Amino acid sequence: MGIIESLGRIDWSFPTLSNSGIDSIHWYPATYLAAIPGTLIAFFTDTESVVMDPFCGSGTTGVEAIRLGWKFIGVDNSPVAPLMADAKLSYPEPKLFEITLESVLRRVGSGVLGNGRRDEYPNKEEPSAWYHSETLQVLNRLLTEIITIEDRLLRRFFFPFFQEC
């Protein structure tokens, strides 16, 4: 059976599948089901290949390439996209993630911030048009906490989610 025939037999709508787990952590425009790159990577490449996605977006193709045991190179012209892809591709150890998340949320929720820390976004005009002032304060507290996370992997993981806000 030829390549065209083989690909033609696949139901590309994947009606029984949806993104879950790491692929459903956040919203990003122009995402697609992980099953699409997962199927194509497995079909067109050999073990230990390098998969390159010049429009990597939030990293769905990268996650699938790594899941299959391939190496991945991702590029995107959006400054936020590589941050999100990096977060998905460098998922921290779950227990350390949980401890760090609880710590950040406890400090943000406790109101202990503001000891000389930034409580306002540096470019106030733009976000002020989007968010209620109380929401902006919470987002800025979150940013303050995220940038003070000592573990580089954890900081890289949390930072894109703030960017998405």
Side-chain angles (χ1 to χ4, degrees), residues 1-106 108 126-127 130-131 135 138-165:
M1 179 181 317
I3 292 175
I4 301 298
E5 291 173 341
S6 295
L7 291 174
R9 291 177 182 231
I10 297 171
D11 181 354
W12 292 99
S13 68
F14 298 100
T16 61
L17 299 178
S18 65
N19 282 344
S20 61
I22 196 76
D23 288 310
S24 64
I25 286 179
H26 58 77
W27 177 89
Y28 191 77
T31 57
Y32 42 80
L33 286 174
I36 295 171
T39 301
L40 292 171
I41 291 167
F43 191 85
F44 284 110
T45 61
D46 295 324
T47 305
E48 298 183 21
S49 293
V50 176
V51 174
M52 200 271 194
D53 184 351
F55 308 100
C56 75
S58 66
T60 302
T61 299
V63 169
E64 288 301 298
I66 290 169
R67 181 183 66 77
L68 292 167
W70 282 244
K71 294 177 183 165
F72 176 71
I73 298 170
V75 181
D76 202 290
N77 68 347
S78 165
V80 174
L83 291 171
M84 291 184 172
D86 193 33
K88 285 171 72 172
L89 297 170
S90 58
Y91 190 73
E93 190 273 319
K95 188 64 179 167
L96 185 57
F97 164 76
E98 183 181 329
I99 290 167
T100 304
L101 178 61
E102 287 174 3
S103 174
V104 166
L105 294 177
R106 186 174 47 254
V108 168
E126 186 177 358
W130 301 339
Y131 302 107
T135 302
V138 170
L139 290 173
N140 286 316
R141 288 180 179 150
L142 281 169
L143 174 60
T144 298
E145 289 303 319
I146 289 168
I147 61 178
T148 62
I149 295 172
E150 289 184 27
D151 184 282
R152 186 174 70 85
L153 178 64
L154 283 166
R155 188 174 52 251
R156 284 172 47 198
F157 181 80
F158 279 100
F159 193 71
F161 300 104
F162 177 83
Q163 293 294 318
E164 185 178 319
C165 295

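Only a predicted model underlies this, so the values are computations on that prediction, with no experimental measurement involved. When reading the values below, keep in mind they use all heavy atoms of this one structure, side chains included, and skip hydrogens, waters and symmetry mates.
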* Rounded to the nearest 0.5 Å, how far apart are CG of Leu142 and CG of Leu105? -> 7.0 Å

* To do: Starting at CG of Leu154, measure out to CG of Leu101 and round the result to the nearest 0.5 Å.
  => 10.0 Å

* To do: Taking side chain to side chain donor-acceptor pair (under 3.5 Å) as the test, write out the residues that go with Ser6, two or more places apart.
  => none

* Could you tell me which residues satisfy side chain to side chain donor-acceptor pair (under 3.5 Å) with Asp11, sequence neighbours excluded, listed by chain and number? => Ser13

For [X], which residues count as a side-chain contact (heavy atoms from CB on, under 4.5 Å) partner, sequence neighbours excluded?
X     : answer
Arg9  : Met1
Thr16 : none
Leu68 : Ile41, Ala42, Trp70
Ile10 : Leu7, Trp12, Phe14, Thr39

Counting only N and O atoms by type, is there a donor-acceptor contact under 3.5 Å from the side chain of [X] to the main-chain atoms of [Y]?
X      : Y      : value
Arg155 : Ile149 : yes
Glu64  : Thr61  : no
Asp76  : Gly57  : yes

* Audit row: Asn77, Phe55, side-chain contact (heavy atoms from CB on, under 4.5 Å) steps and yes/no -> CA-CA 8 Å; Asn77 68 347; Phe55 308 100; over 6 Å; no

* To do: Just do the side-chain contact (heavy atoms from CB on, under 4.5 Å) check on Phe72 and Val63 with the steps written out, would you?
  => CA-CA 8 Å; Phe72 176 71; Val63 169; over 6 Å; no

* What's the shortest heavy-atom distance between Thr144 and Thr148, and which atoms? ->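 That would be O-CG2, 3.2 Å.
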
* To do: Please step through side-chain contact (heavy atoms from CB on, under 4.5 Å) for the pair Ile73 and Asp53, ending with a clear verdict.
  => CA-CA 6 Å; Ile73 298 170; Asp53 184 351; over 6 Å; no

* **side-chain contact (heavy atoms from CB on, under 4.5 Å) assessment of Thr100 paired with Ser103** => CA-CA 5 Å; Thr100 304; Ser103 174; 5.6 Å; no

